[in-house]
Trainee: 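What follows is a structure written as structure tokens; I'll ask about it next.
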Amino acid sequence: MDLHLKGKSVIVTAASKGLGKAIAKKFAEEGAYVLISSRSEQDLQKTQQEIRKETGNDHIEYIVCDMKDVNAIQQMVVRAAQLYGGIDILINNAGGPPPGNFDQVSDNDWQHAFELNLLSFVRTIREVLPYMRKQKQGHIVNLTSSSIKQPIDDLILSNVYRTGLTGLAKSLSQELAADNILINTVGPGRIETGRVQELDRVKAENSGMSYEEVKHTAEESIPLKRYGAPEEFANVVVFLCSDANSYITGQALLVDGGMVKAL
């Protein structure tokens, strides 16, 4: 299937590693023009070179951006528009907040997670909308977590703010429909990324189990009996942002191998 993404202008935030990197690579394979961002220029340079080499697409650029810095977000969006003449697609992503239950997280933890995992998404959407409205089309996907459907133990910050993003997308799907701008939320389950490996290590340390035991237990809770690959998650996100999707908006979708049982 031709997804008609060749030459489309795409921003992928927090894209030097993990799911963001996999998504950026998949867009590059489809011929899109991609601007990736993260806080580490060294990681961005490495990722840019890898994607260019592996896909043959030279239209991969990067910009250093701290997603808690409103000025940096504004500069990122302006840079994408300057490079590619507009903005067709935004993949809103940010590193996950630290683990912890209610008694373990402080006011500073709540404030940091709010700015990184909710307010940064709001700010980035605000900046791209003028370009999408001018074009009378656009796709936005917010990356969240399986916690949008079922809370995860000891991840209260994620449970709260990721859920807030589903409300944001649902509300905006109503407001943006007149300009043919589609917005959706996609949550990963147990996808084999550094973030998931880190959480498994923390759980192993807190439970007295080995890392291997923690991972095996998690895999047994998944009907497909394995963690997902970043590429599998990226396939779904890229589809939602392609011409193949012209009618899905305001939805919250999990890519979790059937792990979450909640409706």
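The residues of the chain are indexed from 1 along the displayed sequence.
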Trainee: Identify the heavy atoms of I222 and G257 that sit nearest to each other, and give their distance.
Mentor: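 Residues I222 and G257, closest heavy atoms: CG2-O, 3.6 Å.
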Trainee: Testing the 3.5 Å rule here: is there a donor-acceptor pair between the side chains of D179 and Q137?
Mentor: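 Absent: no donor and acceptor within the cut-off.
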Trainee: Where do G86 and S9 come nearest, in terms of heavy atoms and distance?
Mentor: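 In this case the closest contact between G86 and S9 is O-OG, 2.7 Å.
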Trainee: Does R190 pair with D256 as a salt bridge, N-O distance under 4.0 Å?
Mentor: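 No salt bridge links R190 with D256.
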Trainee: Indicate yes or no for a side-chain donor-acceptor contact from T166 to the backbone of T163 under 3.5 Å, with no hydrogens or angles considered.
Mentor: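 Yes, the answer is positive, given that a donor and an acceptor are paired below the 3.5 Å cut-off.
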Trainee: Please name the pair of heavy atoms, one in S37 and one in L44, separated by the smallest distance, quoted to 0.1 Å.
Mentor: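 Heavy atoms only, the tightest pair is C-CD2, 3.6 Å.
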Trainee: Yes or no on side chain to side chain donor-acceptor pair (under 3.5 Å) for Q111 and E115, after CA distance, side-chain angles and deciding distance?
Mentor: CA-CA 6 Å; Q111 186 64 35; E115 293 181 5; 3.0 Å; yes
Trainee: How long is the span from the CD1 atom in I23 to the NZ atom in K25, to the nearest 0.5 Å?
Mentor: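 It comes to 13.5 Å.
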Trainee: For a side-chain contact (heavy atoms from CB on, under 4.5 Å) check, start with the C-alpha distance between V260 and Q150, then their side-chain angles and the critical distance, and finish with the verdict.
Mentor: CA-CA 7 Å; V260 172; Q150 183 172 287; 3.7 Å; yes
Trainee: Checking L83 against L35 for the side-chain contact (heavy atoms from CB on, under 4.5 Å) test, could you report, in this order, the C-alpha distance in whole Å, the side-chain angles of both residues, the deciding distance, and whether it holds?
Mentor: CA-CA 9 Å; L83 282 168; L35 179 68; 4.0 Å; yes
Trainee: Going by an N to O cut-off under 4.0 Å, is there a salt bridge joining E232 and R226?
Mentor: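 A salt bridge is present here (some side-chain N lies under 4.0 Å from a carboxylate O).
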Trainee: Is a donor on one side and an acceptor on the other found under 3.5 Å between the side chain of K225 and the backbone of E220?
Mentor: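 The answer is yes, because a donor-acceptor pair under 3.5 Å joins these two groups.
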Trainee: Transitively linked via ILVMFWY side-chain contacts under 4.5 Å: V122 with Y131?
Mentor: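 V122 and Y131: one cluster.
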Trainee: Name the orientation class of the two ring planes belonging to F114 and Y161 (parallel below 30°, tilted from 30 to 60°, perpendicular beyond 60°).
Mentor: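 The rings of F114 and Y161 sit tilted, inter-plane angle from 30° to 60°.
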Trainee: Give, for atom CD1 of I73 and atom CD1 of I125, the distance between the pair rounded to the nearest 0.5 Å.
Mentor: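 If we round to the nearest 0.5 Å, I73:CD1 and I125:CD1 are 10.5 Å apart.
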Trainee: Closest approach of S40 and S38, non-hydrogen atoms and distance?
Mentor: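 For S40 versus S38, the nearest heavy atoms are N-OG, 3.2 Å.
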Trainee: Should we say atom NZ of K134 is surrounded by more than 12 heavy atoms from elsewhere, each under 6.0 Å from it?
Mentor: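 Result for NZ/K134: open.
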Trainee: For the backbone of I63 and the side chain of R79, can you confirm whether one donor and one acceptor N or O come within less than 3.5 Å of each other?
Mentor: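 Not confirmed, R79 side chain does not pair with I63 backbone.
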Trainee: When rounded to the nearest 0.5 angstrom, what is the spacing between CG in D243 and NE2 in H4?
Mentor: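 With rounding to 0.5 Å, CG (D243) is 6.0 Å from NE2 (H4).
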Trainee: Evaluate K46 against E41 for salt bridge (Lys or Arg N to Asp or Glu O under 4.0 Å), listing each step before the verdict.
Mentor: CA-CA 9 Å; K46 180 180 179 182; E41 184 164 12; over 6 Å; no
Trainee: Side chains of S106 and D109 only: does a donor on one sit below 3.5 Å from an acceptor on the other?
Mentor: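 There is such a pair (donor and acceptor under 3.5 Å, judged by atom type) between the side chains of S106 and D109.
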Trainee: Got a list of side-chain donor-acceptor pairs under 3.5 Å for residues 89-103, not counting sequence neighbours?
Mentor:
residue: N92; atom: ND2; partner: F121; partner atom: O; Å: 3.2
residue: N92; atom: ND2; partner: N142; partner atom: OD1; Å: 3.2
residue: N93; atom: ND2; partner: T13; partner atom: O; Å: 3.4
residue: N93; atom: ND2; partner: A14; partner atom: O; Å: 3.2
residue: N101; atom: OD1; partner: D103; partner atom: N; Å: 3.1
residue: N101; atom: OD1; partner: Q104; partner atom: N; Å: 3.2

Trainee: First locate atom CD1 of I152, then atom CG of N159, and finally report the distance between them rounded to the nearest 0.5 Å.
Mentor: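 So the CD1 of I152 and the CG of N159 are separated by 6.0 Å.
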Trainee: Would you mind listing every ring-ring contact (aromatic ring centres under 6.0 Å, His included) that reaches into residues 213-235, with sequence neighbours excluded?
Mentor: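 Listed by first then second residue: nothing to list.
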Trainee: Atom OG of S173 and atom CD1 of I140: how far apart are they, to the nearest 0.5 Å?
Mentor: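 So the OG of S173 and the CD1 of I140 are separated by 11.0 Å.
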Trainee: Out of curiosity, does L143 fall in the hydrophobic cluster containing L254 (side-chain heavy atoms, cut-off under 4.5 Å, transitive links)?
Mentor: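 Cluster IDs for L254 and L143 differ.
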Trainee: Check E213 with K203, please: is the shortest side-chain N to carboxylate O separation under 4.0 Å?
Mentor: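 A salt bridge is absent here (no side-chain N lies under 4.0 Å from a carboxylate O).
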Trainee: Run the side chain to side chain donor-acceptor pair (under 3.5 Å) test against E30 and tell me which residues pass, sequence neighbours left out.
Mentor: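 With sequence neighbours excluded, E30 shows a side chain to side chain donor-acceptor pair (under 3.5 Å) to no residue whatsoever.
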Trainee: Report the C-alpha separation of Q251 and T185 in whole Å, then their side-chain angles, then the decisive distance to 0.1 Å, and conclude whether the side-chain contact (heavy atoms from CB on, under 4.5 Å) test is met.
Mentor: CA-CA 6 Å; Q251 301 306 304; T185 304; over 6 Å; no
Trainee: List in chain and number order the residues that pass ring pair (Phe, Tyr, Trp, His ring centres under 6.0 Å) with Y33, two or more places apart in sequence or in another chain; answer none if no residue qualifies.
Mentor: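 Listed in chain order: H59, Y84.
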Trainee: Filter on side chain to side chain donor-acceptor pair (under 3.5 Å), then keep only pairs touching residues 65-74, sequence neighbours left out; what's left?
Mentor: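 Every side chain to side chain donor-acceptor pair (under 3.5 Å) pair that includes a residue of residues 65-74, provided the two are not neighbours, is K68-H112.
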Trainee: Under a single-linkage definition using a 4.5 Å side-chain heavy-atom cutoff for Ile, Leu, Val, Met, Phe, Trp and Tyr, are I191 and V141 assigned to the same hydrophobic cluster?
Mentor: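 Cluster IDs for I191 and V141 match.
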Trainee: For the backbone of G187 and the side chain of S146, can you confirm whether one donor and one acceptor N or O come within less than 3.5 Å of each other?
Mentor: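 No; zero donor-acceptor contacts below 3.5 Å.
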Trainee: S120 and T124: which non-hydrogen atoms are nearest, and at how many Å?
Mentor: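 Closest pair (atom of S120, atom of T124, distance): O-OG1, 2.8 Å.
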Trainee: Is there a path of hydrophobic side-chain contacts, each under 4.5 Å between heavy atoms of I, L, V, M, F, W or Y residues, that connects V238 with L19?
Mentor: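 Same hydrophobic cluster.
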Trainee: Does one hydrophobic cluster hold both I36 and M76, with members joined at side-chain heavy-atom distances below 4.5 Å?
Mentor: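 Per the 4.5 Å side-chain linkage, I36 and M76 are not co-clustered.
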Trainee: Using a 3.5 Å distance criterion without hydrogens, assess whether the side chain of Q197 forms a donor-acceptor pair with backbone atoms of E192.
Mentor: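 Absent.
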Trainee: To the nearest 0.5 angstrom, please state how far the CG atom of L240 sits from the CG atom of N235.
Mentor: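 Rounded to the nearest 0.5 Å, the CG-CG separation comes out at 11.0 Å.
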Trainee: So that I can tick it off, tell me whether K21 and E50 are bridged by a salt bridge, with the cut-off set at under 4.0 angstrom between side-chain N and carboxylate O.
Mentor: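 Salt bridge: yes.
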Trainee: Has the side chain of T47 got a donor or acceptor atom that lies under 3.5 Å from a matching backbone atom of S16?
Mentor: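 Yes.
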Trainee: For I60 and A28, which heavy atoms make the closest approach, and how far apart are they?
Mentor: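 Closest approach of I60 to A28, heavy atoms only: CD1-CB, 3.6 Å.
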Trainee: Within a 6.0 Å radius of atom CG on D107, are there more than 12 heavy atoms belonging to other residues, nucleotides or ligands?
Mentor: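 It does not: D107 CG has 12 such atoms or fewer within range.
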Trainee: In terms of heavy-atom contacts, does CD of Q42 have more than 12 from other residues, nucleotides or ligands at under 6.0 Å?
Mentor: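 Not more than 12 within 6.0 Å, no.
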Trainee: As a quick check of understanding, evaluate side-chain contact (heavy atoms from CB on, under 4.5 Å) for N117 and R162, giving each step before the final call.
Mentor: CA-CA 7 Å; N117 298 114; R162 306 293 202 189; 3.6 Å; yes
Trainee: Give a yes or no answer on whether the side chain of H139 reaches the backbone of I181 with a donor-acceptor pair at less than 3.5 Å.
Mentor: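 Flag not set: sc H139 to bb I181 has no pair under 3.5 Å.
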Trainee: Check this for me: does any side-chain nitrogen of one of K26 and E29 sit under 4.0 Å from a carboxylate oxygen of the other?
Mentor: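 So K26 pairs with E29 through a salt bridge.
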Trainee: Between D200 and V214 (side chain of the first, backbone of the second, donor and acceptor by atom type, cut-off under 3.5 Å), is there such a pair?
Mentor: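 Absent.
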Trainee: To which residues is Y247 joined in a hydrophobic cluster, defined by side-chain heavy-atom contacts under 4.5 Å among Ile, Leu, Val, Met, Phe, Trp and Tyr, whether direct or through other members?
Mentor: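 Noted: Y247 shares its cluster with no other residue.
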